[in-house]
Amino acid sequence: MLYLFGNTLMSPALFLLFLFFLYKMKIGKVYCQWMEHKSSWGFGLICLSTYPLLYIGGAEFLMGWGMSRNGSLIFVFLIMFVMLALFNYMGLEEQQRKEFDAQQLILKQQNAYIHTLEGMQEEMRRFRHDYKNMMSGMYLKAKEGDLTEALEFIREMTEDFDSQIGGQLRQMSQLGNVYMSEIKGLLLTKLSEMQKDQTACELEVMHPFYGAEFKTTDLCRCLGILIDNAMDEVRGREDARVYIMISSQEDCTTFRVKNLLYHKVDVPEIWKQGYSTRGTDRGTGLASYKKTVDLYENVLPVTAVKDGYFIQELKIRKRNAE
Amino acid sequence: MLPVYICEDEEEIRRIQMEYLEKQILIEGYDMKIAVCSGCPEKILDAVKDASGRGIYFLDVELKGESMDGFSLGQQIRKYDPRGFIIYVTAYKNLAFETFRYHLEALDYIVKESMETMKEGLRHSLSVITERMQAEQGEHREFFSVKVMDVVKHVPVDEIMFFEAAPGTHRIALHGTNDWFDFIGSLRELEGQLGSRFLRTHRAYLVNVEQIAELDLKGREIRMKNGERCLFSKNMKGQLLERI
């Protein structure tokens with residue numbers, strides 16, 4: 001009776017308790033982290049697959065030292081348990097560190113954003129001053145009846161506004177359509193890098209972008225590779241320019257990065273490890289990009305050379321779309 | 001004769017556009033005529049539904065008080081006229097033209113900054129369209145068209161090197177001279193669609209025979225004219241040697 005009770009009720013109950021315990025320890029997340037780090041994942045895999053061997057081997061070893069069978073099994077189990085706890089602790093610590101890093105990054109990006117806005121405000125203030133002067137000049141010309149001069153003033157003023165703050169304002173309003181903070185952060189970082197390199201960036205986000213069915217870290221990595229490649233290719237050139245488009249449509253989202261090509265693309269080499277359009281061993285290369293993209297069934301990569309431009313697209317289908 | 005459609009919500013600008021286009025068509029002797037000139041996108045769409053063949057569309061981006069904007073109107077027009085010429089007219093310089101060009105294959109955009117620039121834009125568009133039409137007449141290139149999610153890609157058949165199937169998925173990779181992209185499909189269907197110019201050299205490859213540069217018989221590898229490589233299976237060796 002007792003045996004039956006133990007078998008039918010106690011074992012499942014213990015099993016469920018164990019599962020609950022694993023769930024509480026957030027082991028799944030920790031294991032996912034192992035998967036991200038190839039080396040430790042390999043080590044973890046070896047540990048897991050040799051677990052029965054280690055368990056029995058350890059017990060046998062202790063029995064050789066004169067310990068009873070049950071005692072040795074419990075002892076080995078305890079050792080295993082301590083190891084698991086240690087692993088878990090390390091994993092959690094790593095997770096916390098990552099969260100902290102991510103927060104730091106967001107903080108940094110927000111600072112950059114505020115900095116840009118402040119810069120724009122300053123430009124606006126300066127423009128307001130010039131605008132007043134221009135207006136009074138125009139008023140005089142109009143009063144004198146010199147219509148051509150007055151028209152010229154208006155044209156100049158529009159152009160001035162466009163060149164002084166129009167560009168930045170445009171970029172910021174496009175960026176305002178990106179509601180996924182990680183991507184917004186990535187774009188902000190790249191925009192400021194481009195500003196340092198004196199590369200112009202034409203950013204287009206016509207419809208609001210809230211997110212895509214693609215792991216955030218992978219999306220950031222892939223988009224980062226594409227933008228870095230484009231920046232590498234045009235850096236230092238006259239009228240250096242990178243075009244970035246994010247287009248959210250009903251069924252899918254398209255990320256498109258375009259730049260003028262100054263080198264002939266070496267096609268067979270392009271997908272090899274460590275290759276970018278600028279030459280070998282530069283950046284992470286398109287190979288790792290392709291490898292990541294291939295993991296997702298709802299993501300299609302497109303590469304084209306058209307009218308002297310190198311164009312890279314990343315198309316992500318929404319899962320509920322056909 | 002190419003029908004010209006104008007959709008512009010400001011009456012005065014609409015009138016100027018129509019008069020100027022009519023004048024230009026007359027002066028240059030273009031084979032075009034103004035079909036509809038309206039501020040209402042539905043009127044344009046009704047006319048497009050009834051018409052056959054391609055048209056020229058001058059569309060305002062911001063259609064105030066209407067049921068759709070220029071972008072949605074363009075999307076609707078494309079359903080009935082995939083090869084028509086769409087030109088956008090906008091009051092703002094910051095038009096997201098890459099997006100318009102990408103999704104709607106828009107030809108150009110004109111900024112209504114001043115009447116002069118607008119007229120110059122209209123004149124330039126008409127001449128570009130005429131040039132395009134003339135160039136197309138002389139060209140008899142065969143294109144391979146395939147849907148990649150929400151857009152249709154057109155690749156000249158003589159620029160395709162081979163198709164590669166990814167194992168375990170329905171994903172096919174096109175390797176070309178200027179295009180490399182993945183789409184969903186099957187090699188068997190492509191084989192039927194493309195005919196004898198393409199040879200199924202391997203379970204995973206469908207190769208454009210005209211683009212083969214050389215064969216590595218020992219390694220059972222095909223080197224294409226663009227330098228890319230693919231494989232052939234043992235029993236295809238005879239057929240391959242016969243074809244090249």
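By convention in this document, chain letters (A, B, ...) are assigned in the order of the sequence lines, proteins followed by strands, and residues within each chain are numbered from 1. These values consider heavy atoms only, across backbone and side chains, with no hydrogens, waters or symmetry-generated copies.
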Heavy-atom neighbours of A:Lys306 NZ exceed 12 at 6.0 Å: no
Non-hydrogen atoms of A:Met245 and B:Tyr102 that approach each other most closely: CE-CD2, 3.6 Å
Selection from B:Leu174, B:Thr99, B:Asp179 maximising heavy-atom pairs under 4.5 Å formed with chain A: B:Thr99
Heavy atoms from other residues, nucleotides or ligands near CZ of B:Arg141 exceed 12 (cutoff 6.0 Å): yes
Which atoms of B:His170 approach chain A - backbone, side chain, both or neither, heavy atom under 4.5 Å: neither
Contact class of A:Lys258 relative to chain B, heavy atoms under 4.5 angstrom: side chain
Non-hydrogen atoms of A:Val299 and B:Arg171 that approach each other most closely: O-NH2, 2.8 Å
For A:Tyr243 against B:Glu98, the heavy-atom pair lying closest together: CD2-OE2, 4.2 Å
Chain B contact via A:Ile316 - which portion, at a heavy-atom distance below 4.5 Å: backbone
Chain A contact via B:Arg101 - side chain, backbone, both or neither, heavy atoms under 4.5 Å: side chain
NE2 (B:His154) with more than 12 external heavy atoms under 6.0 Å: yes
Pair A:Lys290 + B:Asp182, salt bridge at N-O below 4.0 Å: yes
B:Phe143 atom CZ, neighbour heavy-atom count above 12 within 6.0 Å: yes
Heavy-atom neighbours of A:Gln198 CD exceed 12 at 6.0 Å: no
Ion pair A:Glu313/B:Lys153, N-O distance below 4.0 Å: yes
Side-chain heavy atoms of A:Glu250 within contact of B:Asp150, under 4.5 Å: no
Heavy-atom closest pair, residues A:Ser247 and B:His103: OG-NE2, 2.6 Å
Atom CD of B:Glu42: over 12 foreign heavy atoms under 6.0 Å: yes
Rounded distance [0.5 Å steps], CH2 in B:Trp180 versus CD in A:Gln312: 9.5 Å
Minimum heavy-atom distance between B:Met149 and A:Leu300, given as atom pair plus value: CE-CG, 3.7 Å
Side chain / backbone / both / neither for A:Thr254 at chain B, heavy atoms under 4.5 Å: side chain
Contact residues of residues 69-79 of chain B (partner chain A; heavy-atom separation under 4.5 angstrom): B:Phe71, B:Gln75
B:Arg15 atom CZ, over 12 foreign heavy atoms within 6.0 Å: yes
